[in-house]
Q: 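Please find one structure pasted underneath; my questions will follow.
Note that the coordinates shown come from a computational prediction; the quantities given were computed from them, not determined experimentally.
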Amino acid sequence: MKGMAITALLAALACAGGHAESPAGWELVWHDEFEQAGRPDSTIWSYEEGYARNHEAQWYQADNAVCRDGCLVIEARPDSRPNPLYRSGSTDWRASRPTLGYTASSLHTRGKKSVHYGRVEVCARIPVASGAWPAIWLLGEEMEWPSCGEIDMMEYYQVGGKPHILANACWGNDRPYDAVWNSSKTPFTHFTDRDPQWADKFHLWRMDWDEQSIRLYLDDELLNEIPLSSTVNGSIGHGTNPFTRPQYLLLNLALGGDNGGPIDDSAMPMRYEIDYVRVYRPTAR
């Protein structure tokens, strides 16, 4: 336990601040250190708009993402403006709300930057109040979900009413929009028992992805290893393996919905801070 705590501390210290330097055996492919003030780099990032998925409470908009003090800050906050999708009597969850309720941001690199094998590092400090659902994840572009493949480097949300940190991947089977999951769900107390101030600090999420497996780490602790021999789509995905193809990256802060739990309004505004995103490939031998 003591050794794991020291490893986590060293990873967290290495995470916050500094400039991109390639680890031994790796070379930098693309990165964003978020050092400019104002809007994130438009050559890397685009935005989701409106209500997206999972019956979540937030309306996504670009205005809730800003680069400040060397970090990308994604902020969730209450918003009482009229919902432009509202229809009286509608049973559609997107259209049944008369007001927006909350706003946040979801950024993605689709059509701009991608990952295909290699290493991804994201240094971030996440909100952990009830209702928060921050994520670092990847999707393929070539097929509909889930046959496109999804990799969740990090999700934080409620499982059985208790907060967990998740590290997952999913792919398709023979039924539309029905995923096959390989999930790791680690109780949040696993981290806070070792460090009661865990939530006040930046932490390093890492993915190592090669032709054999996807390995997902938090502060150098392996949370999940997914063998690519198992990640084969069903008939809808024509028996392909989505994790042999490029994926794009998403960073978002959701609220409530299917997994976030009751939203703690006293914790508003909630802030999800990303110090950097770095993507590497192995050094040619």
Side-chain angles (χ1 to χ4, degrees), residues 26-32 40-48 52-54 60 72 74 105-124 133-156 165-173 176-184 204-218 222-234 236-254 272 274 276-282:
W26 298 92
E27 63 176 303
L28 198 62
V29 179
W30 64 268
H31 66 112
D32 198 339
D41 187 343
S42 62
T43 68
I44 300 175
W45 304 103
S46 300
Y47 304 88
E48 291 191 280
R53 61 188 72 85
N54 300 321
Y60 282 135
L72 167 63
I74 300 175
S105 281
S106 175
L107 295 83
H108 64 84
T109 67
R110 183 170 187 169
K112 297 180 177 180
K113 297 289 185 181
S114 64
V115 181
H116 188 202
Y117 302 139
R119 171 173 288 185
V120 179
E121 293 182 344
V122 179
C123 174
W133 187 349
I136 305 164
W137 53 306
L138 301 97
L139 287 172
E141 295 189 43
E142 297 181 7
M143 296 183 180
E144 286 191 313
W145 187 92
S147 295
C148 64
E150 175 180 329
I151 304 168
D152 301 320
M153 289 179 57
M154 180 275 290
E155 290 187 282
Y156 169 91
I165 287 180
L166 293 90
N168 317 311
C170 77
W171 55 96
N173 58 31
Y177 310 113
D178 186 23
V180 181
W181 287 95
N182 182 321
S183 296
S184 166
L204 185 62
W205 280 270
R206 186 177 99 229
M207 173 177 68
D208 287 347
W209 174 19
D210 59 27
E211 293 89 344
Q212 283 73 49
S213 66
I214 296 166
R215 295 177 299 281
L216 303 173
Y217 299 83
L218 170 50
L222 180 65
L223 299 185
N224 198 2
E225 182 169 2
I226 301 141
L228 267 59
S229 59
S230 68
T231 61
V232 179
N233 282 322
I236 294 174
H238 309 297
T240 58
N241 192 326
F243 304 122
T244 62
R245 304 178 183 189
Q247 298 222 327
Y248 64 94
L249 182 69
L250 301 97
L251 304 170
N252 72 285
L253 175 55
Y272 174 20
I274 299 97
Y276 60 75
V277 173
R278 297 172 184 169
V279 178
Y280 303 91
R281 63 186 169 210

Q: Show your working on side chain to side chain contact (heavy atoms under 4.5 Å, CB included) between Leu249 and Trp45 and close with a plain yes or no.
A: CA-CA 9 Å; Leu249 182 69; Trp45 304 103; 4.0 Å; yes
Q: Is there a side-chain contact between Trp26 and Pro282 in this structure, where contact means two heavy atoms from C-beta onward sitting under 4.5 Å apart?
A: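 A side-chain contact under 4.5 Å exists here.
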Q: Partners of Trp30 by side-chain hydrogen bond (donor to acceptor under 3.5 Å, both in side chains), sequence neighbours excluded?
A: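 By the side-chain hydrogen bond (donor to acceptor under 3.5 Å, both in side chains) rule, Trp30 matches no residue at all.
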Q: Kindly indicate, with the supporting measurements, whether the criterion side chain to side chain contact (heavy atoms under 4.5 Å, CB included) is fulfilled by Asp32 and Ile274.
A: CA-CA 10 Å; Asp32 198 339; Ile274 299 97; over 6 Å; no
Q: Which residues satisfy the side-chain hydrogen bond (donor to acceptor under 3.5 Å, both in side chains) test with Asn224, sequence neighbours excluded?
A: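 By the side-chain hydrogen bond (donor to acceptor under 3.5 Å, both in side chains) rule, Asn224 matches Asn182.
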Q: For the residue pair Leu107 and Pro40, establish whether any side-chain heavy-atom pair is separated by less than 4.5 Å.
A: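 Side-chain contact under 4.5 Å: yes.
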Q: With side chains defined as the heavy atoms from C-beta onward, is the minimum distance between Ile44 and Lys112 less than 4.5 Å?
A: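 No. Closest side-chain heavy atoms not under 4.5 Å.
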Q: Residues in salt bridge (Lys or Arg N to Asp or Glu O under 4.0 Å) with Asp178, at least two apart?
A: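 Only Arg175 meet the salt bridge (Lys or Arg N to Asp or Glu O under 4.0 Å) criterion with Asp178.
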Q: Distance check, rounded to the nearest 0.5 Å: Leu222 atom CG versus Arg215 atom CZ?
A: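 Answer rounded to 0.5 Å: 8.0 Å.
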Q: Pairs in or reaching into residues 236-246: which pass side chain to side chain donor-acceptor pair (under 3.5 Å), with residues at least two apart or in two chains?
A: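 Applying side chain to side chain donor-acceptor pair (under 3.5 Å) to every pair that reaches into residues 236-246, excluding sequence neighbours, yields Glu142-Arg245, Thr231-Asn241, Asn233-Thr240.
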Q: State which residues pass side-chain hydrogen bond (donor to acceptor under 3.5 Å, both in side chains) with Trp205; sequence neighbours excluded, sorted by chain then number.
A: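 By the side-chain hydrogen bond (donor to acceptor under 3.5 Å, both in side chains) rule, Trp205 matches no residue at all.
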Q: Can you tell me how far the CG atom of Leu250 sits from the CG atom of Leu139, to the nearest 0.5 Å?
A: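 With rounding to 0.5 Å, CG (Leu250) is 5.5 Å from CG (Leu139).
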Q: On a heavy-atom basis, which atom in Ile165 and which in Leu218 lie closest, and how many Å separate them?
A: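 Reported closest heavy-atom pair: CD1-CD2, 4.0 Å.
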Q: Quick one: OH on Tyr276 to NE2 on His31, what's the gap to the nearest 0.5 Å?
A: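 Reported value, rounded in 0.5 Å steps: 12.0 Å.
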Q: Which heavy atom of Pro227 sits nearest to which heavy atom of Ser230, and what is that distance?
A: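 Where Pro227 meets Ser230 most closely, the heavy atoms are O-OG, 2.8 Å.
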Q: Considering non-hydrogen atoms only, spot the tightest contact between Asn168 and Leu216 and give its length.
A: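 Heavy atoms only, the tightest pair is N-CD1, 3.7 Å.
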Q: Considering only heavy atoms from C-beta outward, does the side chain of Trp181 approach that of Glu150 to under 4.5 Å?
A: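 Counting from C-beta outward, Trp181 and Glu150 do come under 4.5 Å.
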Q: Nearest heavy-atom pair of Val232 and Trp171: which atoms, and what distance?
A: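 Looks like O-CD1, 3.4 Å.
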Q: Report, as yes or no, whether the 6.0 Å neighbourhood of atom CD on Glu27 holds more than 12 heavy atoms from other residues, nucleotides or ligands.
A: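 It does: Glu27 CD has more than 12 such atoms within range.
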Q: Does Met154 reach the side chain of Val122, with side-chain heavy atoms less than 4.5 Å apart?
A: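 No. Closest side-chain heavy atoms not under 4.5 Å.
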Q: Side chain to side chain contact (heavy atoms under 4.5 Å, CB included), that's the test. Do Ser105 and Tyr272 meet it? Break it down for me.
A: CA-CA 10 Å; Ser105 281; Tyr272 174 20; over 6 Å; no
Q: Is any side-chain heavy atom of Val115 less than 4.5 Å from a side-chain heavy atom of Thr109?
A: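 No, too far: nothing below the 4.5 Å cut-off.
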Q: If only side-chain N and O atoms count, and only distance matters, is there a donor-acceptor pair under 3.5 Å linking Trp133 with Asn54?
A: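 Their side chains do not contain a donor-acceptor pair, so the 3.5 Å distance test is not met.
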Q: Just verifying a value: how many Å separate Ser184 OG and Glu225 CD, rounded to the nearest 0.5 Å?
A: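 Here the interatomic distance stands at 12.0 Å.
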Q: Classify the ring geometry between Tyr117 and Trp209 as parallel (under 30°), tilted (30 to 60°) or perpendicular (over 60°).
A: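 Plane angle over 60°, so perpendicular.
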Q: Quick one, Glu155 and Trp137 - any side-chain contact, counting heavy atoms below 4.5 Å?
A: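 In short, these two side chains do not touch, never coming nearer than 4.5 Å.
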Q: So do the side chains of Tyr280 and Asp208 get within less than 4.5 Å of each other, counting heavy atoms only?
A: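 Contact flag for Tyr280/Asp208 side chains = no.
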Q: Sequence neighbours left out, what passes side-chain hydrogen bond (donor to acceptor under 3.5 Å, both in side chains) with Ser106? Give chain and number order.
A: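 Ser106: side-chain hydrogen bond (donor to acceptor under 3.5 Å, both in side chains) contacts with Glu48.
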Q: Check the pair Met207, Ile136 against side chain to side chain contact (heavy atoms under 4.5 Å, CB included), reporting the backbone distance first and the verdict last.
A: CA-CA 11 Å; Met207 173 177 68; Ile136 305 164; over 6 Å; no
Q: What's the separation between atom CG in Leu228 and atom CG in Asp210, rounded to the nearest 0.5 Å?
A: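 Here the interatomic distance stands at 7.5 Å.
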Q: What heavy-atom pair brings Ser147 and Pro242 nearest, and what distance separates the two atoms?
A: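 Between these two residues, the closest heavy atoms are O-CB, 3.5 Å.
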Q: Going from CD1 on Ile226 to CD1 on Ile214, what distance comes out if it is rounded to the nearest 0.5 angstrom?
A: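 Output value for this atom pair is 5.0 Å.
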Q: If you take all heavy atoms of Val279 and Val120, which pair is closest and at what distance?
A: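 Reported closest heavy-atom pair: CG2-CG2, 4.2 Å.
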